[in-house]
Amino acid sequence: MSFILSLILLCAGATTFALDYQCVLIPGNLKQIDAGAGQVWGVNDAGQIFNYVNGIWQQVPGQLIHVSVGPAGVWGVNSDSTVFRYQDNRWQPVTGSLRQVDAGGNQYLGGVNAQNNIFCLMQNCTVSRSSIVTFYPLEGYLKYYSCGPYGCWGVNSNENVFYREFVTPDSCQGVKWQPLDGSLSMLEVGPDGSVFGVNSAGVIYKRIGVFDKAPHGTAWYRVDECAKVKHVTYDAGFLWALSQNGDIYKCTEEN
């Protein structure tokens, strides 16, 4: 089963651009998915954890509500907001309390807690095997936070979009927030800097013009999809999307 996702520039009176994605329905059902470092992980409504290997969802022991994979490794949080690092084929708890975590930064970690407070973990802690780590607070409040090679992005409870400036592996707190146009309920940053997000109506958007000299991009494209979506992630040329009922789609851009 497949369908075409057409990306249309969201700007009144602007030229329409068609960047088509061919999407294939993947067996399985998830509530959250994350792709990075050539891997894809996800969790379902029951808190079961899965890793997509050679076209098959392989269950990984444990219970999580959110999982993330990227240059910082594989991390997750459970329903008690305990933070875990996946090492030696086991979930190892570390100090800290988050409800959403992101491993997409340059070996640094970001996330938010149940009160929408924002935190990050320096590179020296993510590469360490110690269970004692220090999460540094950031000013402001977000419900979703995601990082990539050019910095970090977030959305707050009002679905406002922000970009965090001057984030580095040794200074994961960065300097300040830059508010951007757009309204999203979640977003994910890919390892090449691509930014995809979903709004409260289940519509996917892609940020265009993102590169090292313009890390926050220039505008949003809308993705015309056949199903309403609740979660997206991007890695290695593949856009992964979860419909609102948990169906999984793997999409590639049509040239």
Side-chain angles (χ1 to χ4, degrees), residues 7-15 17 19 32 34 36 66 68 70 72 98-106 108-122 135-223 228-234 239 241:
L7 296 177
I8 300 176
L9 183 61
L10 189 67
C11 181
T15 303
F17 295 88
L19 298 175
Q32 183 259 327
D34 195 58
H66 194 98
S68 183
L98 298 173
R99 64 169 174 79
Q100 181 257 323
V101 67
D102 188 90
N106 184 12
Y108 57 86
L109 197 74
V112 298
N113 67 10
Q115 291 75 44
N116 289 349
N117 301 121
I118 315 155
F119 296 89
C120 68
L121 193 62
M122 301 290 190
F135 281 93
Y136 291 89
L138 283 69
E139 79 279 7
Y141 299 92
L142 294 175
K143 66 175 182 176
Y144 208 98
Y145 192 47
S146 183
C147 297
Y150 308 135
C152 299
W153 296 63
V155 296
N156 66 13
S157 57
N158 293 323
E159 303 198 345
N160 304 125
V161 181
F162 297 89
Y163 173 77
R164 186 70 177 178
E165 296 187 330
F166 307 113
V167 179
T168 69
D170 299 322
S171 182
C172 67
Q173 290 173 292
V175 176
K176 64 178 181 178
W177 293 110
Q178 179 171 340
L180 301 176
D181 59 303
S183 178
L184 299 172
S185 58
M186 66 82 56
L187 56 75
E188 281 285 345
V189 186
D192 63 351
S194 297
V195 181
F196 288 86
V198 178
N199 70 7
S200 58
V203 179
I204 304 173
Y205 292 90
K206 179 184 179 180
R207 188 72 173 178
I208 62 167
V210 177
F211 65 105
D212 57 347
K213 302 299 183 182
H216 44 73
T218 56
W220 295 102
Y221 278 69
R222 174 175 174 156
V223 179
K228 292 184 177 181
V229 171
K230 63 180 178 182
H231 205 98
V232 292
T233 186
Y234 180 86
L239 172 65

Tyr205 and Val161: CA distance, side-chain angles, deciding distance, side chain to side chain contact (heavy atoms under 4.5 Å, CB included) verdict = CA-CA 12 Å; Tyr205 292 90; Val161 181; over 6 Å; no

Side chain to side chain contact (heavy atoms under 4.5 Å, CB included) evaluation trace for Asn113 with Phe119 = CA-CA 8 Å; Asn113 67 10; Phe119 296 89; 3.4 Å; yes

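- Heavy-atom minimum distance, Pro149 versus Pro191: CG-O, 3.2 Å.
- How far NZ of Lys143 is from CG of Asn156: 8.0 Å, rounded to the nearest 0.5 Å.
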Full working for side chain to side chain contact (heavy atoms under 4.5 Å, CB included) between Asn117 and Val112 | CA-CA 5 Å; Asn117 301 121; Val112 298; over 6 Å; no

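- Side chains of Glu188 and Ser146: a donor on one and an acceptor on the other come within 3.5 Å.
- Residues Leu109 and Val101 meet the side-chain proximity criterion, which asks for heavy atoms closer than 4.5 Å.
- Across Cys172 and Leu121, no two heavy atoms sit closer than the pair SG-N, 3.7 Å.
- Residues Cys120 and Gln173 approach most closely at SG-N, 3.5 Å, considering heavy atoms.
- When the side-chain hydrogen bond (donor to acceptor under 3.5 Å, both in side chains) test is applied to His216, no partner is found at least two apart in sequence or on another chain.
- In this structure, Lys230 NZ and Ser185 OG are separated by 11.5 Å, a value rounded to the nearest 0.5 Å.
- Exactly one of Tyr108, Tyr163, Phe162 qualifies for a side chain to side chain contact (heavy atoms under 4.5 Å, CB included) with Cys152. That residue is Tyr108.
- Scanning all heavy atoms of the two residues, the minimum distance from Glu159 to Ser200 falls at OE2-CB, 3.3 Å.
- Residues Tyr141 and Gln115 bring no donor and acceptor atom of their side chains to less than 3.5 Å of each other.
- For Asn106, there are no side-chain hydrogen bond (donor to acceptor under 3.5 Å, both in side chains) partners two or more places apart in sequence or in a different chain.
- One side chain, Ser194 or Asp192, offers a donor N or O that lies under 3.5 Å from an acceptor on the other.
- When all heavy atoms are compared, the tightest approach of Asn116 to Ser157 is ND2-CB, 4.3 Å.
- No side-chain donor from either of Arg222 and Asn199 sits under 3.5 Å from a side-chain acceptor of the other.
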Residue pair Leu187, Val155: steps toward the side chain to side chain contact (heavy atoms under 4.5 Å, CB included) verdict | CA-CA 8 Å; Leu187 56 75; Val155 296; 3.7 Å; yes

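- Side-chain contact check for Val232 versus Met186: some heavy-atom pair is nearer than 4.5 Å.
- Between Leu184 and Trp220 there is a side-chain heavy-atom pair separated by less than 4.5 Å.
- We find the OG1-CZ distance between Thr218 and Arg207 to be 6.0 Å, quoted to the nearest 0.5 Å.
- Using modelled atom types, one side-chain atom of Trp177 and one backbone atom of Glu139 make a donor-acceptor pair closer than 3.5 Å.
- Of all the heavy atoms in Arg164 and Leu138, the pair that sits closest is NE-CD2, 3.7 Å.
- Atoms CD1 and CG, from Ile204 and Leu239 in turn, are 5.5 Å apart once rounded to the nearest 0.5 Å.
- When atom types are taken as modelled, the side chain of Asp102 and the backbone of Cys147 share a donor-acceptor pair closer than 3.5 angstrom.
- Listed by chain and residue number, Phe196 satisfy the ring-ring contact (aromatic ring centres under 6.0 Å, His included) test with Tyr234 (two or more places apart in sequence, or in another chain).
- Side chains of Gln32 and Asp34 form a contact here, defined as non-hydrogen atoms less than 4.5 Å apart.
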